[in-house]
Amino acid sequence: MKEIIQDYNLNELTALVEEMGEKPFRAKQLYTGIMRGHDISDIPALPKPFVEKLCQRFENCALEIIKTLRSADGTEKYLFRLSDGNIIEGVFMQYKYGNTQCVSTQVGCRMGCKFCASTLGGLVRNLTSGEILSQVLKVNALHGGTPAKRQVTNVVLMGSGEPLDNYKNVVKFLRDMAAEGGINISPRNVSLSTCGLVPAMYDLAEEGLPVNLTVSLHNVTDEERARTMPIAKRYKISEILEACTNYFKKTGRRYIFEYSLIEGENSDERHAKELIALLKGRPCHVNLIRLNDVKERNLAAASERGAQLFLKTLTDGGLSATLRRRMGADIGGACGQLRAGYLKEEQ
Ligand code: SAH
């Protein structure tokens with residue numbers, strides 16, 4: 001596999017251009033083109049011989065959008081083909097305050113959560129920082145955005161993969177995406193979701209990157225949580241909560257818990273009461289969502305009424321909580337519906 005040029009930030013491109021014997025200003029031209037979502041061969045300012053030299057070492061195109069699905073609610077789902085032929089998915093959601101893009105961080109996932117399609121084929125490979133960044137650059141360009149006038153304003157690391165299981169590349173991606181002069185999306189507009197890899201949560205708190213930390217909790221006791229989330233055997237809920245407290249101390253950011261309501265698993269009144277006891281007084285928010293269907297799994301969503309009741313119990317108990325809409329569910333673009341090897345299954 002050739003290198004991915006989107007893995008290089010402006011400093012690294014400057015060194016590269018020098019190493020290749022080109023004029024220093026070419027680095028800026030290259031960087032500007034990349035940030036506009038162009039493939040190497042589409043950057044108008046670059047002379048042809050330089051483009052050819054670059055394409056011997058780098059993939060002309062880190063990834064391309066090969067299919068777009070539009071939901072009735074305006075959500076769009078994309079299939080991206082990576083340069084090695086792997087397929088990943090991404091989702092674009094439009095809100096009143098701006099547009100949010102959901103990016104993947106791995107091809108597949110090895111966390112094994114029972115309700116999630118991303119994990120069905122296990123982990124295929126990590127994405128490079130440039131492959132994660134390219135998802136944002138391509139979709140921003142697709143919607144007519146530029147780095148100066150962005151169409152993607154918020155990014156969530158909630159596509160396929162466990163971001164903290166690809167720690168180094170994810171942190172580089174966050175830094176490169178925040179760089180001034182680039183697409184310049186601040187960590188404050190980014191949410192990183194983890195199933196609770198405790199040591200990496202501590203590491204993240206030290207990076208000086210104040211992203212919004214989201215933790216997939218989905219149950220109230222370690223035993224029950226382990227029924228659907230194998231990672232619960234490794235890290236206790238109490239350890240996760242301590243790591244969240246540390247994150248808040250270090251970054252000043254409130255944290256969020258994801259709680260997908262599954263019938264007969266985690267959505268009884270008892271669960272709501274125990275959740276209040278666990279989280280009351282913490283600077284956190286609870287995002288409830290009714291489980292989305294994943295056809296390979298035998299788990300069902302809690303009823304709409306049950307979900308409303310659960311929400312009321314939480315808010316009456318003093319927690320900050322909301323019940324999210326299942327955006328993009330009709331196109332398989334909602335939480336837990338993104339999967340590796342899409343084409344293999346669908347064709
Ligand atoms: N690996 C990370 C990122 C995935 S984010 C994590 O575990 O947080 C996707 C979110 O959707 C997570 O909160 C995940 O637990 C949740 N999810 C997965 N499958 C789901 C499903 N079928 N219905 C609703 N939410 C689901």
Side-chain angles (χ1 to χ4, degrees), residues 75 77 88-91 93 100-120 122-123 126-127 132 135 155-167 169-170 173 190-198 200-201 204 211-219 225-232 234-235 237 240 243-244 247 255-263 265-267 284-304 307 310 322-340:
T75 300
K77 176 162 106 170
I88 53 166
E89 300 183 345
V91 184
M93 293 158 283
T100 296
Q101 190 183 346
C102 176
V103 298
S104 292
T105 54
Q106 297 179 315
V107 182
C109 182
R110 58 178 180 149
M111 295 298 128
C113 299
K114 295 274 190 302
F115 42 76
C116 183
S118 300
T119 207
L120 288 170
L123 175 67
N126 283 330
L127 297 184
I132 309 172
Q135 298 169 51
V155 171
V156 297
L157 280 64
M158 300 188 184
S160 73
E162 165 50 49
L164 296 184
D165 191 37
N166 182 14
Y167 188 84
N169 295 347
V170 163
F173 154 71
V190 177
S191 295
L192 183 151
S193 184
T194 178
C195 60
L197 301 189
V198 168
M201 290 167 71
L204 188 66
V211 297
N212 303 299
L213 182 64
T214 299
V215 179
S216 299
L217 192 59
H218 305 321
N219 222 315
R225 190 166 182 258
R227 288 210 303 249
T228 53
M229 299 182 73
I231 196 68
R234 228 100 124 262
Y235 303 112
I237 293 175
I240 291 176
C244 288
Y247 193 81
Y255 40 92
I256 292 173
F257 293 105
E258 299 284 353
Y259 199 101
S260 302
L261 294 162
I262 312 172
E263 189 65 45
E265 276 292 330
N266 64 0
S267 54
C284 69
H285 179 80
V286 180
N287 250 336
L288 300 173
I289 188 168
R290 288 171 59 221
L291 189 80
N292 289 302
D293 303 332
V294 176
K295 62 176 185 291
E296 299 82 351
R297 303 295 197 204
N298 263 339
L299 296 167
S303 67
E304 178 64 39
F310 198 92
T322 40
L323 176 62
R324 275 195 298 157
R325 284 178 297 145
R326 303 198 282 184
M327 290 180 83
D330 55 337
I331 51 168
C335 300
Q337 294 185 311
L338 306 183
R339 71 198 66 217

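Start at 1 and go down the list; that is how both ligands and their atoms are numbered. In this chain, numbering begins with 1 at the start of the sequence shown.
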Q: Between R110 and E162, is there a side-chain N and carboxylate O pair less than 4.0 Å apart?
A: no
Q: With respect to L192, which candidate in V215, L204, N212 satisfies the side-chain contact (heavy atoms from CB on, under 4.5 Å) definition?
A: L204
Q: Identify which of R324, M158, Q106, H218 has a heavy atom lying nearest to atom 5 (S) of ligand 1.
A: M158
Q: In ligand 1, which numbered atoms sit nearer than 4.0 Å to a non-hydrogen atom of E258?
A: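 Near E258, meaning under 4.0 Å from one of its heavy atoms, ligand 1 has 13 (O).
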Q: Just jot down the ligand 1 atoms closer than 4.0 angstrom to any heavy atom of S216, in number order.
A: 6 (C), 7 (O), 8 (O), 12 (C), 13 (O), 14 (C), 15 (O)
Q: Give the atom numbers and elements of ligand 1 that come within less than 4.0 Å of a heavy atom of N292.
A: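 The list of qualifying atoms is 21 (C), 22 (N), 23 (N), 24 (C).
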Q: What I want to know is whether G161 and ligand 1 share at least one N or O pair that is separated by under 3.5 angstrom.
A: yes
Q: Could you list which atoms of ligand 1 come closer than 4.0 Å to a heavy atom of C195?
A: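 Matching atoms, with element in brackets: 6 (C), 7 (O), 8 (O).
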Q: Could you measure the distance from the CG atom of N126 to the OG1 atom of T105? Nearest 0.5 Å is fine.
A: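 Output value for this atom pair is 8.0 Å.
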Q: Using side-chain heavy atoms (C-beta onward) and a distance below 4.5 Å, is P163 in contact with S193?
A: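 Contact flag for P163/S193 side chains = no.
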Q: Which of these, V103, N169, V107, sits in a side-chain contact (heavy atoms from CB on, under 4.5 Å) with L127?
A: V107
Q: Have a look at ligand 1 and work out which part of T194, if any, has a heavy atom under 4.0 Å from it: side chain, backbone, both or neither.
A: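 Answer for T194: backbone.
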Q: Suppose we screen for salt bridge (Lys or Arg N to Asp or Glu O under 4.0 Å). Which residues come up paired with E263, at least two apart in sequence or across chains?
A: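 Partners of E263 under the salt bridge (Lys or Arg N to Asp or Glu O under 4.0 Å) test: none.
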Q: Report the part of S260 in contact with ligand 1, treating N, CA, C, O as backbone and CB onward as side chain, heavy atoms under 4.0 Å; options are side chain, backbone, both, neither.
A: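 Under 4.0 Å from ligand 1, S260 contributes side-chain atoms alone.
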